[in-house]
Amino acid sequence: MKKINITSLLLLVYLAVMSVMGWPGNKPNPDYKSYFLIMGISVAAILLLRYVQIRRMKFRNKQKDNE
């Protein structure tokens with residue numbers, strides 16, 4: 001499960017860096033709503049990926065045990 005944790009952490013760090021670089025505060029009319037919406041969707045996608053990876057790993061281990 002360590003590989004899954006590392007992957008999730010790297011994706012969250014990447015999202016944080018991209019969020020800081022794309023901060024809309026310097027624009028004349030910043031659109032905070034879409035900014036935070038995109039960040040929320042990205043976090044949801046990372047969590048969904050983590051869930052799928054864990055289920056896949058458990059299924060694979062269960063198949064190994066059955067053989």
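One-based numbering along the sequence shown. Keep in mind that the numbers below use all heavy atoms, side chains included, and drop hydrogens, waters and symmetry copies.
The list of ring pair (Phe, Tyr, Trp, His ring centres under 6.0 Å) pairs with a residue in residues 34-67, not counting sequence neighbours, reads W23-Y35.
Residue P30 comes nearest to P24 through the heavy atom pair CB-O, 3.0 Å, listed as atom of the first residue, atom of the second, then distance.
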Table please: side-chain donor-acceptor pairs of residues 12-21 below 3.5 Å, with sequence neighbours left out.
residue	atom	partner	partner atom	Å
S19	OG	L15	O	2.7

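One finds the CD1 atom of I54 at 6.5 Å from the NZ atom of K58 (value rounded to the nearest 0.5 Å). Between the NZ atom of K64 and the CG atom of N61 there is a distance of 6.0 Å, given to the nearest 0.5 Å.
The other residues sharing a hydrophobic cluster with I41 are L37, where clustering joins ILVMFWY side chains under 4.5 Å apart.
Judged as a side chain to side chain contact (heavy atoms under 4.5 Å, CB included), and not counting sequence neighbours, the contacts of L49 are L11, Q53. Listed by chain and residue number, S34 satisfy the side-chain hydrogen bond (donor to acceptor under 3.5 Å, both in side chains) test with D31 (two or more places apart in sequence, or in another chain). Every side chain to side chain contact (heavy atoms under 4.5 Å, CB included) that N66 has, sequence neighbours left out, goes to K62.
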